[in-house]
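Let me begin by presenting the structure, written as structure tokens, before commenting on it.
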Amino acid sequence: MDFKGQHILSVSQFDRPAVEKIIAVADQMRPYAAREKLSQLLSGAILGNMFFEPSTRTRVSFGCAFNKLGGHVRETVGIENSALAKGESLKDTAMVISGYSDVIVMRHPLEGSVAEFAKTSRVPVINAGDGTNEHPSQALLDLYTMSKELERFGSTVDGVHIAMVGDLQYGRTVHSLSKLLNLFNNVKFSFISPSQLAMPADIIKQLKDNGQEVIETDHLESGLKDVDIVYQTRIQEERFPSKEQADAFRGAFRINRFSYSQFCKPSAVVMHPLPRDSREDANELDTDLDQHPNLAIFRQADNGVLVRMALFALIFGLENKLAETETECSWRSL
Amino acid sequence: MDFKGQHILSVSQFDRPAVEKIIAVADQMRPYAAREKLSQLLSGAILGNMFFEPSTRTRVSFGCAFNKLGGHVRETVGIENSALAKGESLKDTAMVISGYSDVIVMRHPLEGSVAEFAKTSRVPVINAGDGTNEHPSQALLDLYTMSKELERFGSTVDGVHIAMVGDLQYGRTVHSLSKLLNLFNNVKFSFISPSQLAMPADIIKQLKDNGQEVIETDHLESGLKDVDIVYQTRIQEERFPSKEQADAFRGAFRINRFSYSQFCKPSAVVMHPLPRDSREDANELDTDLDQHPNLAIFRQADNGVLVRMALFALIFGLENKLAETETECSWRSL
Amino acid sequence: MDFKGQHILSVSQFDRPAVEKIIAVADQMRPYAAREKLSQLLSGAILGNMFFEPSTRTRVSFGCAFNKLGGHVRETVGIENSALAKGESLKDTAMVISGYSDVIVMRHPLEGSVAEFAKTSRVPVINAGDGTNEHPSQALLDLYTMSKELERFGSTVDGVHIAMVGDLQYGRTVHSLSKLLNLFNNVKFSFISPSQLAMPADIIKQLKDNGQEVIETDHLESGLKDVDIVYQTRIQEERFPSKEQADAFRGAFRINRFSYSQFCKPSAVVMHPLPRDSREDANELDTDLDQHPNLAIFRQADNGVLVRMALFALIFGLENKLAETETECSWRSL
């Protein structure tokens, strides 16, 4: 896959070499993200950071990634004006807005809207979330993080055993990550969820058809046995038919110091797409693991900037120009 | 007119040489807007993009125009804080805010507010819309577009025949454009609207006093005969005393493949200030003309960036410094 | 105090040398703020301008200050997304957001929240207001302004006589400014307020313990006698138990041409944190002094940019690098 000039709309568009390319370019972004050097790769370029649905962290992560490559960022947050309410088509919106900037990152509450927009856009578009559908840069940063975390233990994504825990039916991130992992070999999936919130059958079929091993269980302890990666997600109470049913599951899928130390092997890495609920009665990932070296959740967030920088470089076809466009960082002394 | 250090508040402040100057400088902006080269004309300068009334496209268009000249953009969207609610005068607001940036673009819901603000501002102010009153950069981009479209047919704005269609009573854009066109010679105006929504008498008087030919009609077919430019606007139902009256006119002023091919000459150019309502029961400009080469609506939007870049260069008095401040665009290869 | 890498959270963290350092560096920022020269001091650096509570002027002032040092600005305005509502801890938010930018300016409605955030942040944080608690850059720009205004009369902050007028109980700015002034010698404070809205006893005790002279009065005329600085604040009606009580005080603490010329000495400087209520029935600072050379309220706002530029330079430890990173300003000719 040649990224140059391409839209990034779905994880489905990537083959394994494409994913490996993204990982390799993201690695190269570390010194610029860490401000050891400055990059002028996209100096003067303009990102249209179009968030028609509000989001602080994804929006700021993309914006900072573009700034770290030297570019300008123009933004919109929320459905500010009434163009849509006045009946403007996404096609018109795309024609107009794509005339302003050099690349567009777009989030929109409607499924399929970003792909629809991209059809008409005259510049490349990155999908930063279209409703419950796709958010490919999240899946890519998850995969990048897995790859880096496993590397610390001399391991790789090929042959990894991952447990996905929580709401696997409605969780956009676990669907996309599963699809990406299916590009690798001998991946073992433990899907741990209440049966009402199980991973959709079509995704499980894709994985099995490709020869991956899939375990489905609603039992946390057995599901976590021997896994390399625990990918925890939230279970939202409103997904259950009644509060009683939700309460019955409360705590049954909770990762904390106790469940981690009892059920997981010592090298198991804990991931979470964030934000997590840290309140006392929350039902996902407790803070008592915050000092644990294998808690990768904040490294995930940091890696998001690297992966987004990589996507920009690839889309502009400039991933080989990083060295020649770098400059000293005179102010980095903090 | 010398633009340097001037506010841009109303189309009334322009004479014909001023308008021609803007068109000429906008032409020079093409290579920078198209990213063939980068401009550092305003490198380090700061635009205060103050939208006290939300707007995505005008705001982003101005912001991108400033970035494309190398400058920084700081923004506000909406009446965020309660300074005004706390009784702060526009004079105080202007004194404070004009101390931050080097030039200000301002939209404000109140008629006359931007001019009031400009009186006190210590930096030049561009009116990006003050209620129903003025939005001069829209009229300028419309005029610029007309000029360029007519050029394709070896024609000019002098001697043009333009039809303005729709709500001519409340439409800010058609009022401003009419005033700008009145700076040219032998312009023929066909004002096509329901009689309840006719062009205001004072504007018609201005045009006639200046020797322009004016036709008023509520009949689309005869109104469009022989026109060079069709400038379509929306008719909002709520302008009519009753839904019945609105329904009676539904479709009577609609431009689409049928009415265009039946009533217009083949070289007629179709314009619209956008956004347009593309829903089935809309009453303005159908999508079935979208592939027609004479549909200029998206070129209008693109031209907005050129015209805004030109206004910035002129306000800073730097329209002759473009060549000496340009640099190569290393990343343009998309 | 060494500023490098430090958070700026409270006026309490400054000693007198620190405050004098800020004043000296702010002085050095004048040519860059006035665009006589451009600064590239923080070229390529990114400010995360995180306003979880909306504010136009403080936000834009910080953003422009950073741009005027050559840096990029990424922003958030309001509690846009539901991370907090979903139960995310400030600690998590800080871990994630501090991974994006090189320095953070943060406003948040909750008292203590910015300090809490700063504990976890991996980059320096400047408190731009945490509820009714602290807003140190406002106090610093007030002090800087006093210092500069007194300089015009050959005077200094040591030995100054300042009247603070209005609501002294709830006014965040007068509390912080009092604490900063307590770092100076022989300061005389006249606190003029309705007795229901008097300066808190603990602050008065701090000042007296340090040997400062303190007068408390609810009589404007006698309180203003011989003061060098009048620092006026608003009295909000809702602070009184009843509208009758509020009305009883209406006008009793109002500064205008009459009260100024009758009660103040000719060199008295008038300050106000802005915004001020300029409506007819307002109760604070009338516009009839707007042309008076000793009205310093707009110089305060301008000085805010200088002080914020100084804070950024100090936090990055680069206050001695201004000369070597400056460039010509080619566009300044307005």
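Here is how names work: the chains are called A, B, and so on, in the same order as the sequence lines, proteins then strands, and each is numbered from 1.
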So what's closer than 4.5 Å to chain A heavy atoms on Lys321(C): side chain, backbone, both or neither? neither
Say you draw a straight line from CG of Asn67(A) to OH of Tyr100(C); how long is it, rounded to the nearest 0.5 Å? 13.5 Å
Taking all non-hydrogen atoms of both residues, which atom of Gln291(A) and which atom of Lys91(C) are closest, and how far apart? NE2-NZ, 4.3 Å
Looking at CD of Glu75(A) and CD of Glu75(C), how far apart are the two atoms once the value is rounded to the nearest 0.5 Å? 8.5 Å
Hey, are the side chains of Asp92(C) and Ser278(A) touching, using non-hydrogen atoms and a 4.5 Å cut-off? yes
Please test Leu274(A) against Val96(C) for side chain to side chain contact (heavy atoms under 4.5 Å, CB included), starting from the C-alpha separation and ending with a verdict. CA-CA 9 Å; Leu274(A) 298 184; Val96(C) 171; 3.6 Å; yes
Got Arg59(A) and Thr76(C) here, is their nearest side-chain heavy-atom distance under 4.5 Å? yes
Smallest separation among heavy atoms of Leu41(C) and Trp331(A), with atom names: O-CB, 3.7 Å
Members of residues 300-313 of chain A whose heavy atoms come closer than 4.5 Å to chain C: Ala301(A), Asp302(A), Val305(A)
Between Gly99(C) and Lys68(A), the two heavy atoms sitting closest are O-NZ, 3.9 Å
Side chain, backbone, both or neither: which part of Asp290(A) has an atom under 4.5 Å from a heavy atom of chain C? side chain
Would you say Phe316(C) and Arg332(A) make side-chain contact, with heavy atoms under 4.5 Å? no
Side chain Arg279(A), main chain Glu88(C), donor-acceptor under 3.5 Å: no
Value for CZ (Phe66(A)) from CD1 (Ile46(C)), rounded to nearest 0.5 Å, stands at 12.0 Å
Between Ser43(C) and chain A, with a heavy-atom cut-off of 4.5 Å, which part of the residue counts as in contact: side chain, backbone, both or neither? backbone
In terms of heavy-atom pairs under 4.5 Å with chain A, which of Met50(C), Gln40(C), Arg122(C) leads? Arg122(C)
Pairwise side-chain contact, Asp102(C) with Arg35(A), heavy-atom cut-off 4.5 Å (strictly under): yes
Asp288(A): partners by side chain to side chain contact (heavy atoms under 4.5 Å, CB included), with sequence neighbours left out: Asn256(A), Arg257(A), Asp286(A)
